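See structure below.
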Number of protein chains: 2
Amino acid sequence: MAASTLTEVARLAGVSPATASRVLNGSARTPGKDIAERVRQAAESLGYIPNAQAQGLAKSSSGLIGLIVHDIADPYFAAIARGVQEAAREQRRMVLLATTGGGPAEEKEAVAAFAARRADSIVIAGSRSCRDEDRDGNAELAAELDRYCRNGGRVAVVGHPVVGATAPDGYHVVKVPNQELAARLATELAGGWDGDFVIVGGPEGLLTSDDRVRGFQEGLERAGRRRAEVLRSAFNRSGGYDAGLELAARIKAAQSAEGGAAASKLCIFAVNDVMAIGAAAALRSEGLRIPRDAAIAGFDDIETLRDFRPALSTVRLPLEDIGRLATRATGRHAAGGDSEAAGGAPAGDITGEVTLRRSTEAAA
Amino acid sequence: MAASTLTEVARLAGVSPATASRVLNGSARTPGKDIAERVRQAAESLGYIPNAQAQGLAKSSSGLIGLIVHDIADPYFAAIARGVQEAAREQRRMVLLATTGGGPAEEKEAVAAFAARRADSIVIAGSRSCRDEDRDGNAELAAELDRYCRNGGRVAVVGHPVVGATAPDGYHVVKVPNQELAARLATELAGGWDGDFVIVGGPEGLLTSDDRVRGFQEGLERAGRRRAEVLRSAFNRSGGYDAGLELAARIKAAQSAEGGAAASKLCIFAVNDVMAIGAAAALRSEGLRIPRDAAIAGFDDIETLRDFRPALSTVRLPLEDIGRLATRATGRHAAGGDSEAAGGAPAGDITGEVTLRRSTEAAA
DNA sequence: TGGAAGCGGGAACGCGCTTTCCCAGCTAGC
DNA sequence: GCTAGCTGGGAAAGCGCGTTCCCGCTTCCA
């Protein structure tokens, strides 16, 4: 038994489907009071639920918004997803979720799937990559997005524009000042730290990671410090852990070489909180303590990690807002152009905040 | 310019829409090689993407699976969502996300929205509530689900059946042995702990919380211990924090009353990890240390929290598997009845594992 | 060589809904 | 009193696709 249809409701109410449609699913024309009531009662008694697919077909708009993340279980993406979800609810739309593991090829597939579902808009979170091996994938993704936009879709990307994408109408980028914030973090850290800095970054070519690395180096330079060495590993907890093991070995070697613990201490900047936690875990597993033997800082200020001890110095990013803004940017009335003048939230105005905590205190 | 349609492809290829459909969207009948090739090329050159809405309308099935969670940013739900997402991908379906904040009324709305979209199945995660104020909401939710199932929808619920729901065809519950696992946790803890136990639970009527409380009490009893006092607060980090403050005051009072720190120590069981972390943070903020001044245990073994120090004793729940199993249970061939004999994953066979770590070590 | 069986392709209908167009009935204006 | 103008309702044409039915052609067997 399939759900009851508009026609059935209409028949029961003794009116035409057209009229039933007009009263049940908001139209410019409003039928007479008594008829409306009859229809509503018929719908109620039949438990009528409009078929969104059919509505979408007829109106060619689905009320769907597609969200692409690398991994929904990653707290970074989960936080963004929450914002997206919230904004979607405001707009009375539903969110369609796709996780891709970060590969542009899978992202392209996700875009195609969203396009097939005729999603009104797409939000892409997650770092862009410009690694060589992703070249083709990026090109295909860009092409797919381009087509999607030409067909009237709207897309918002968090962070960087998709590599190689021309910017057609409806293509919006929510800029995150990773570089600038990383620079600020570096200068603030440099103010209270005498030792050297090391950066634990993601794979080269991951733009978010690259930005943060570059920014941090800039900040050091501005503070009159020498550039930090950059260690590359996976952009997740285990990457941080691996790098942490490596660093632990060095620290221990340095300590024993110089005799006491009086050696100049290292300050580790991991390009995201999850990596920082991984690195911290590695140091700890090697018997080192933070910030006694080394300082460590992250990026993102993941909520779940705020109770971590020693409290992690990091850069707070308003992840939920980012998701919300990206979603709003794809809203119907967000027609580009005078987004500032329109009075709505000035999309793209993301800002973060350097947050120094115990993990980088000099006095251990 | 809307996306190109099957008819356009057919025209370009010089065939009828029927033929084009047969070659492009898998049918029992396969047109001739050359024609197929022509159609495929036409599709390619037009950038044809099948309209899933139209397909869904015609086939009356959408390839959509609805997921209902309280909050996607909560790591518990995020982990489940990952599993759901994975299983959905296996089945070549997409997941539609709804977050409800836990209220049955909102859950009902989500179900209705999914029904409108003609989602093939619905997975409901998140604790059921049997509080009085949710009575009406539960009834409405049950009715909505019932209707959904009667219309051929399949639903899987994680944890408990929806309160008041009769179990029609296609209604599946993924049981989580919360009670039993909590009991096991209690007995294991009792083995290495002399002091009293306190339970930090969620609001009364939240079934997951209630189960864990009940199980823990049972376990204590089995171990010959006296029942623990139960503190109630919100089922999240801040609820844990509040309870932690209260407990910290008591502990400090007891310590100063008995002079030294030699008083019998408290072991706190928070009904989930996030609450446990909150409670731990509260104790710490009051100058108490874990496990020196009190032991603490949680439940769920949230991945992001595993690096927390002192390492949290907890019960590992295979959250991802839970999501996966729930999703698979709603699969097309999961026709109920002999699910065991069917050879597939024997759904409902969720099991957890008590994991004792440093936070409950007696020797501080 | 004639007929039946089989196969590849097209015409047409239906999925459930929106929307335009049209028509009947009414009121208002001359 | 007659027509212009308006209002509320219905008929019907799609939206893009799957699918059934039908038809013309080839192939095989008698």
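The basis for the numbers below is simple: all heavy atoms, side chains too, and nothing from hydrogens, waters or symmetry mates. The structure displayed is predicted, hence computed values, not measured ones.
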Grab the [atom1]-[atom2] distance between [X] and [N] for me, whole Å please.
X	N	atom1	atom2	answer
B/Leu24	C/dG9	CG	P	13 Å
B/Lys59	C/dG16	NZ	C1'	17 Å
B/Arg118	C/dC17	CZ	C1'	11 Å
A/Arg117	D/dC15	CZ	P	22 Å
B/Gln53	C/dT18	CD	P	12 Å
A/Asn25	C/dT19	CG	C1'	13 Å
A/Tyr48	C/dG16	OH	P	10 Å

- List the steps and the verdict of salt bridge (charged side-chain N to carboxylate O under 4.0 Å, His left out) for A/Glu86 and A/Arg89. CA-CA 5 Å; A/Glu86 238 171 68; A/Arg89 171 175 294 224; over 6 Å; no
- Polar pair under 3.5 Å, donor/acceptor by atom type, side chain B/Arg22, base C/dG10: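 For B/Arg22, whose side chain was compared with the base of C/dG10, there is a donor-acceptor pair (under 3.5 Å).
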- Set of side chain to side chain donor-acceptor pair (under 3.5 Å) partners for B/Arg82, sequence neighbours left out: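 Listed in chain order: A/Asp71, B/Glu320.
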- Sole residue of A/Glu107, A/Glu109, A/Glu106 in side-chain contact (heavy atoms from CB on, under 4.5 Å) with A/Leu141: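 The passing option is A/Glu107.
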- Query: Of all the choices, C/dG10, C/dG16, C/dT19, which nucleotide is nearest to the side chain of A/Leu57 once you look at every atom?
  - Reply: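 So the side chain of A/Leu57 is nearest to C/dG16.
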- Message: Classify B/Thr5 by what it touches in the nucleic acid, base, sugar-phosphate, or nothing, heavy-atom distance under 4.0 Å.
- Response: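 The answer is sugar-phosphate, as B/Thr5 gets under 4.0 Å only of primed atoms, P, OP1 or OP2.
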- Message: Under 4.0 Å, counting only non-hydrogen atoms across every strand here, what does A/Pro50 touch: a base, just sugar-phosphate, or nothing?
- Response: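 Since only primed, P, OP1 and OP2 atoms lie under 4.0 Å of A/Pro50, the category is sugar-phosphate.
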Acceptor/donor pairs from residues 45-60 of chain B side chains to any protein atom, 3.5 angstrom cut, sequence neighbours excluded:
unit_1	atom_1	unit_2	atom_2	d
B/Ser45	OG	B/Ala42	O	3.1
B/Asn51	OD1	B/Gln53	N	2.8
B/Asn51	OD1	B/Ala54	N	3.1

Taking 4.0 Å as the cut-off, does a side-chain nitrogen or oxygen of [X] come that near to OP1 or OP2 on [N]?
X	N	result
A/Ser21	C/dT18	yes
B/Gln55	D/dG18	yes
B/Thr19	C/dG10	yes
A/Asn51	C/dC15	no

- Is a side-chain N or O of A/Arg328 found less than 3.5 angstrom from the main chain of A/Ala326, in a donor-acceptor match?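 No, because the side chain of A/Arg328 does not come within donor-acceptor range (under 3.5 Å) of the backbone of A/Ala326.
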- Message: Quick check against the 3.5 Å criterion: does B/Thr330 have a side-chain atom that pairs as donor or acceptor with the backbone of B/Arg154?
- Response: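 It does not hold such a pair.
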- Would you check if there is a donor-acceptor pair between the side chains of B/Arg93 and B/Thr327 at a distance under 3.5 Å?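 B/Arg93 and B/Thr327 do not have a side-chain donor-acceptor pair below 3.5 Å.
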- Could you check B/Ala58 against B/Pro17 and say which one's nearest nucleotide on DNA chain C is further toward the 5' end?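 Residue closer to the 5' terminus by nearest nucleotide: B/Pro17.
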- Task: Would you jot down, in residue-number order, the residues of residues 34-41 of chain A having a non-hydrogen atom under 4.0 Å from DNA chain C?
- Result: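 Contacts with DNA chain C under 4.0 Å: none.
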